[in-house]
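Structure, as structure tokens:
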Amino acid sequence: DSGVTQTPKHLITATGQRVTLRCSPRSGDLSVYWYQQSLDQGLQFLIQYYNGEERAKGNILERFSAQQFPDLHSELNLSSLELGDSALYFCASNRDGDQPQHFGDGTRLSIL
Amino acid sequence: DQQVKQNSPSLSVQEGRISILNCDYTNSMFDYFLWYKKYPAEGPTFLISISSIKDKNEDGRFTVFLNKSAKHLSLHIVPSQPGDSAVYFCAASANWGYQLIWGAGTKLIIKP
């Protein structure tokens, strides 16, 4: 158990819809990262937050947004969903932006 | 533009023998490298890392070797055990606290 909690584990929705994925980092961790893993590929970095502030941005679409709240949990919002957004979405955390990152078990998003 | 490449999608090794997983990178700015292990339906779990100032790092049955001139690293598992069957990801960072760039993974199968 990494201590990083992601909910929900599975999400099935339709094209054009909007969903919110939630992540609770390990106790004491200030930095949260979001990754997308499409079928049989490596993880693609989306965005990083540190203590409530955006620290780094990767290949995140404009339809996607994220935030980190005062209690340090984070949410990833995906809107105007397309079939190609079907993927595993992982959240990771670490204490101070150091390595390694510790991962949750992911949210599997299926777009029908 | 794949900056981190794992060219073997899968590898099959006899239990008790050595498993060698390979990873190549193109970005000379990478200075930290990590190996993660992933079981189905779980998030990646950190295994071992190496800084670019070293050429070898050991942790129990796991050893990572880094050849900077060849931009190549490898993970050695000795002896291989059935529980080692998983997908192994190589990841790299240009700065200790920054985003990770991931390879596509190698599925390791340990045969009894």
### Query
Quick one: are Gln99(B) and Gln48(A) in side-chain contact, heavy atoms under 4.5 Å?
no
#### Entry: Heavy-atom side-chain contact between Ile77(B) and Leu21(B) under 4.5 Å
yes
### Message
Looking only at heavy atoms and a cut-off of under 4.5 Å, which of Glu42(B), Gln6(B), Lys38(B) has the most pairs with chain A?
### Response
Glu42(B)
Using non-hydrogen atoms only, which part of [X] is less than 4.5 Å away from chain A: side chain, backbone, both, or neither?
X: Lys107(B); answer: neither
X: Ala91(B); answer: neither
X: Tyr39(B); answer: neither

### Query
Do you know which two heavy atoms are closest between Ala56(A) and Phe45(A), and how far apart they sit?
O-CZ, 3.7 Å
### Message
If I compare all heavy atoms of Gln14(B) with all of Ile110(B), which pair ends up nearest, and what's the gap?
### Response
C-CG2, 4.3 Å
### Query
Is it true that the side chains of Ser69(B) and Asn67(B) contain a donor and an acceptor less than 3.5 Å apart?
yes
### Task
Measure distances from Gln6(A) to the heavy atoms of chain B and classify the residue's part below 4.5 Å as side chain, backbone, both or neither.
neither
